[in-house]
Enquirer: 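First, the structure itself, so that you have it in front of you.
When reading the values below, keep in mind they use all heavy atoms of this one structure, side chains included, and skip hydrogens, waters and symmetry mates.
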Amino acid sequence: MLLYLTRLGNAINKFSEEERKKKPLKWKPFDQEKAIIATVVSVLKPGKTNQTSISDNHWIGAETSEIPVIQNLTTFFRGLLNL
């Protein structure tokens, strides 16, 4: 999974800031991240929603627990839920 996310990030980063601001892209904050997630979901489970794929395909679990972003997310949820 991490390999695919890295490759997608690299592909999306090929768009310059100028291209991202112009039509038809006209990206807003977090559009790049949403594009990466949507692309992975469409490959793993075409037609499923992002949330369903994240749950069904175990994006967050023992195998991904060492990834810094996942650690930050887990820490946030633990604090939010007082765990």
Side-chain angles (χ1 to χ4, degrees):
M1 179 68 71
L2 185 57
L3 174 64
Y4 298 124
L5 291 173
T6 302
R7 287 182 180 175
L8 286 168
N10 290 339
I12 288 175
N13 285 333
K14 290 182 181 179
F15 289 100
S16 69
E17 273 302 311
E18 234 176 67
E19 291 172 311
R20 292 176 194 185
K21 291 178 181 178
K22 288 194 294 187
K23 287 186 178 181
L25 293 181
K26 237 181 174 181
W27 285 8
K28 298 175 198 95
F30 301 106
D31 279 356
Q32 178 174 338
E33 291 81 359
K34 288 192 263 183
I36 291 170
I37 298 298
T39 303
V40 172
V41 168
S42 69
V43 170
L44 291 175
K45 297 287 181 179
K48 277 200 173 188
T49 64
N50 293 348
Q51 296 88 339
T52 304
S53 177
I54 289 168
S55 174
D56 289 354
N57 294 297
H58 308 289
W59 286 38
I60 299 173
E63 292 179 18
T64 60
S65 64
E66 297 302 315
I67 299 171
V69 173
I70 301 298
Q71 290 174 343
N72 291 341
L73 183 62
T74 303
T75 301
F76 168 76
F77 282 130
R78 284 191 177 142
L80 184 67
L81 300 171
N82 293 319
L83 297 176

Enquirer: Not counting sequence neighbours, list each pair that qualifies as a side-chain hydrogen bond (donor to acceptor under 3.5 Å, both in side chains) and has a residue in residues 40-49.
Expert: Lys48-Asp56, Thr49-Thr52
Enquirer: Got Glu66 and Gln71 here, is their nearest side-chain heavy-atom distance under 4.5 Å?
Expert: yes
Enquirer: Minimum heavy-atom separation for Glu19 to Lys14, with atom names?
Expert: OE1-O, 3.9 Å
Enquirer: Other residues, nucleotides and ligands only: do more than 12 of their heavy atoms fall within 6.0 Å of CD on Glu33?
Expert: yes
Enquirer: If you look at every heavy atom in Ile70 and Ser65, which pair is closest and at what distance?
Expert: CG2-CA, 4.3 Å
Enquirer: Under 4.5 Å between any side-chain heavy atoms of Thr64 and Trp59, yes or no?
Expert: no
Enquirer: Sequence neighbours excluded, which residues qualify as salt bridge (Lys or Arg N to Asp or Glu O under 4.0 Å) partners of Glu17?
Expert: Arg20
Enquirer: CG/Leu73 to CD1/Ile60 distance, rounded to the nearest 0.5 angstrom?
Expert: 4.5 Å
Enquirer: Return the CD1 to CG distance between Ile54 and Leu44, rounded to the nearest 0.5 Å.
Expert: 10.5 Å
Enquirer: Is it true that, when you exclude Glu18 itself, more than 12 heavy atoms of the residues, nucleotides or ligands shown sit nearer than 6.0 Å to its CD?
Expert: no
Enquirer: Between OG1 of Thr39 and CG of Asn50, what distance do you get to the nearest 0.5 Å?
Expert: 9.5 Å
Enquirer: With sequence neighbours excluded, what pairs up with Ile12 under the side-chain contact (heavy atoms from CB on, under 4.5 Å) test?
Expert: Trp27, Gln32, Ala35, Ile36
Enquirer: Using 0.5 Å steps for rounding, measure from the OG atom of Ser16 to the NZ atom of Lys21.
Expert: 9.5 Å
